[in-house]
*Asks:* 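What follows is a single structure, and I will ask about it in a moment.
Here the structure is a predicted model, which means the values were calculated and not measured. Per chain, numbering begins at 1; letters A, B, ... match sequence-line order.
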There are 2 protein chains.
Amino acid sequence: MTDLRGGSTQVLVLSLLAEEPMYGYQIAKELERRSEGYFDFKEGTLYPLLHRIEKEGLVRGEWQVVEKGPSRKYYSITPEGRKVLEKSAAEWTTFSQRLLKILGQETEPAST
Amino acid sequence: MTDLRGGSTQVLVLSLLAEEPMYGYQIAKELERRSEGYFDFKEGTLYPLLHRIEKEGLVRGEWQVVEKGPSRKYYSITPEGRKVLEKSAAEWTTFSQRLLKILGQETEPAST
DNA sequence: GTCTATACCTAGATTATCTATATACATAGA
DNA sequence: TCTATGTATATAGATAATCTAGGTATAGAC
């Protein structure tokens with residue numbers, strides 16, 4: 001396991017940023033959209049996370065002024081961030097498969 | 001999501017106890033065995049969890065004296081526990097599928 | 001006599017997440 | 001004009017799951 005509890009937010013965020021730079025609000029909306037409303041990240045989760053992974057060097061943030069409306073802070077993934085993403089995506093995949101396998105033990109057995 | 005971060009231990013434990021009553025040490029070993037060493041629950045996680053879900057009425061604990069070696073506290077799942085298991089197993093399944101789907105976005109696309 | 005396995009327990013620290021609140025600009029409606 | 005909603009960021013404080021690290025006790029192996 002190695003500390004897989006929670007931490008799913010990070011891998012999801014990195015996985016989006018691996019496609020293209022995004023700003024916080026956009027990340028939240030995009031994850032919500034892709035999951036059909038399932039993932040609903042709170043601001044109190046997302047922004048501190050972005051600050052943390054920026055400090056850790058996994059992403060780089062850059063302010064961008066918008067004509068109308070508040071400025072946006074665009075985050076782009078770094079090479080280090082891609083490494084972490086690759087590793088933790090693999091870990092989450094393993095974890096999910098292991099979990100589902102054990103939970104699956106007690107699904108309807110194929111008519112014994 | 002509704003608070004899915006962590007909490008995987010509980011659903012795993014309940015899922016084992018849905019098969020048959022087990023004691024703490026046995027649960028740890030069994031999960032380790034079934035996951036080929038992947039799940040490795042620490043005592044500091046497992047025992048407090050068992051106490052909590054017993055207090056919540058999801059399991060019932062019963063001491064059993066063994067001829068040789070320390071006594072064991074066998075836990076059996078309650079009807080309430082089965083309800084919770086069913087619900088959280090479904091939630092974990094959804095969560096895993098959603099997660100894997102989004103992480104899968106950036107796997108090798110089928111040779112475009 | 002010490003080590004390992006079995007079997008339970010708890011205190012304290014860490015940390016991810018949530019709740020709640022704040023700021024600020026734009027627009028639409030009453 | 002006032003208010004509500006959407007956009008966009010931010011932080012303080014609470015909650016809770018997990019880990020670390022210790023402790024007790026029995027039994028068998030070397």
*Asks:* Check the distance between D:dT18's C1' and B:Asp40's CG and give it to me in whole angstrom.
*Replies:*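 Going from B:Asp40 (CG) to D:dT18 (C1'), I get 13 Å.
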*Asks:* Within this structure, what is the CG-to-C1' distance between B:Leu14 and D:dA17, rounded to whole angstrom?
*Replies:*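 Taking atom C1' of D:dA17 as the reference, CG of B:Leu14 is at 15 Å.
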*Asks:* Quick one: B:Phe39 CZ to D:dT18 C1', roughly how many Å, whole number?
*Replies:*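 About 14 Å, once rounded to whole Å.
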*Asks:* Can you measure B:Met22 atom CE to C:dA7 atom C1' for me and round it to whole angstrom units?
*Replies:*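 Taking CE of B:Met22 and C1' of C:dA7, I get 16 Å after rounding.
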*Asks:* Between the main-chain N or O of A:Ala89 and the side-chain N or O of A:Thr93, is there a donor-acceptor pair closer than 3.5 Å?
*Replies:*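 Looks like yes, one N/O pair under 3.5 Å.
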*Asks:* Run the side-chain donor-acceptor check on residues 58-76 of chain B: report pairs under 3.5 Å with partners two or more places apart or on a different chain.
*Replies:*
{"residue": "B:Arg72", "atom": "NH1", "partner": "B:Tyr74", "partner atom": "OH", "Å": "3.4"}
{"residue": "B:Lys73", "atom": "NZ", "partner": "B:Glu54", "partner atom": "OE1", "Å": "3.3"}

*Asks:* List in chain and number order the residues that pass salt bridge (Lys or Arg N to Asp or Glu O under 4.0 Å) with A:Glu56, two or more places apart in sequence or in another chain; answer none if no residue qualifies.
*Replies:*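 A:Glu56 satisfies salt bridge (Lys or Arg N to Asp or Glu O under 4.0 Å) with A:Arg52 only.
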*Asks:* Taking only residues two or more places apart in sequence or in another chain, which ones pass side chain to side chain contact (heavy atoms under 4.5 Å, CB included) with B:Lys29?
*Replies:*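 For B:Lys29, the residues satisfying side chain to side chain contact (heavy atoms under 4.5 Å, CB included) (neighbours in sequence not counted) are B:Tyr25, B:Glu32.
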*Asks:* Calculate the interatomic distance between A:Phe41 atom CZ and D:dA8 atom P; express it in whole Å.
*Replies:*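 It works out to 19 Å between those atoms.
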*Asks:* Would you tell me if any nitrogen or oxygen in the side chain of B:Lys68 comes within less than 4.0 Å of OP1 or OP2 on D:dG28?
*Replies:*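 Yes.
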*Asks:* If the condition is side chain to side chain contact (heavy atoms under 4.5 Å, CB included), which residues does A:Ser35 pass it with, not counting sequence neighbours?
*Replies:*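 A:Ser35 satisfies side chain to side chain contact (heavy atoms under 4.5 Å, CB included) with A:Tyr38, A:Phe39, B:Arg98, B:Ile102 once adjacent residues are dropped.
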*Asks:* Write down the protein N/O and nucleotide N/O pairs, taken from nucleotides 21-23 of chain D, whose separation is under 3.5 Å; answer none if there are no such pairs.
*Replies:*
{"residue": "D:dG22", "atom": "O6", "partner": "B:Glu43", "partner atom": "OE1", "Å": "3.3"}

*Asks:* For nucleotides 1-7 of chain D, print each protein N/O atom paired with a nucleotide N/O atom at under 3.5 Å, atom names and distance only.
*Replies:*
{"residue": "D:dT7", "atom": "OP2", "partner": "A:Tyr25", "partner atom": "OH", "Å": "2.6"}
{"residue": "D:dT7", "atom": "O5'", "partner": "A:Tyr25", "partner atom": "OH", "Å": "3.4"}

*Asks:* Measure NZ/A:Lys42 against C1'/D:dA8 and give the value in whole Å, please.
*Replies:*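 So the NZ-C1' distance, A:Lys42 to D:dA8, works out to 17 Å.
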*Asks:* State which residues pass side chain to side chain donor-acceptor pair (under 3.5 Å) with A:Glu20; sequence neighbours excluded, sorted by chain then number.
*Replies:*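 Partners of A:Glu20 by the side chain to side chain donor-acceptor pair (under 3.5 Å) criterion come out as none, since no residue qualifies.
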*Asks:* Run the salt-bridge test on B:Glu86 and B:Arg82 with the 4.0 Å N-O cut-off and return the result as yes or no.
*Replies:*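 A salt bridge is absent here (no side-chain N lies under 4.0 Å from a carboxylate O).
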*Asks:* Write down the distance between CD (A:Gln10) and P (C:dA16), rounded to a whole number of angstrom.
*Replies:*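 My rounded result for the distance is 8 Å.
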*Asks:* Salt bridge or not between B:Glu19 and B:Arg34? Use side-chain N to carboxylate O under 4.0 Å.
*Replies:*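 Salt bridge: yes.
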*Asks:* Is the phosphate of C:dT17, meaning OP1 or OP2, less than 4.0 Å from a side-chain N or O of A:Thr9?
*Replies:*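 For C:dT17, OP1/OP2 do have a side-chain N/O of A:Thr9 under 4.0 Å.
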*Asks:* Looking at B:Ser88 and B:Val11, would you say the former's side chain and the latter's main chain have a donor-acceptor pair under 3.5 Å?
*Replies:*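 Not confirmed, B:Ser88 side chain does not pair with B:Val11 backbone.
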*Asks:* Ignoring backbone atoms, establish whether A:Ser71 has a side-chain N or O less than 4.0 Å from OP1 or OP2 of D:dA8.
*Replies:*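 Answer no for this pair, as no side-chain N or O of A:Ser71 is under 4.0 Å from OP1 or OP2.
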*Asks:* What residues, two or more places apart in sequence or in another chain, satisfy salt bridge (Lys or Arg N to Asp or Glu O under 4.0 Å) together with A:Lys42?
*Replies:*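 A:Asp40.
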*Asks:* Using heavy atoms and a sub-4.0 Å distance, could you list which residues of residues 46-66 of chain A are near DNA chain C? By number, please.
*Replies:*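 The answer is A:Arg52.
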*Asks:* Does A:Gln10 reach the main-chain N or O of A:Gly7 with its side chain, forming a donor-acceptor pair under 3.5 Å?
*Replies:*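 No; judged by distance alone, with no hydrogens or angles, the pair does not exist.
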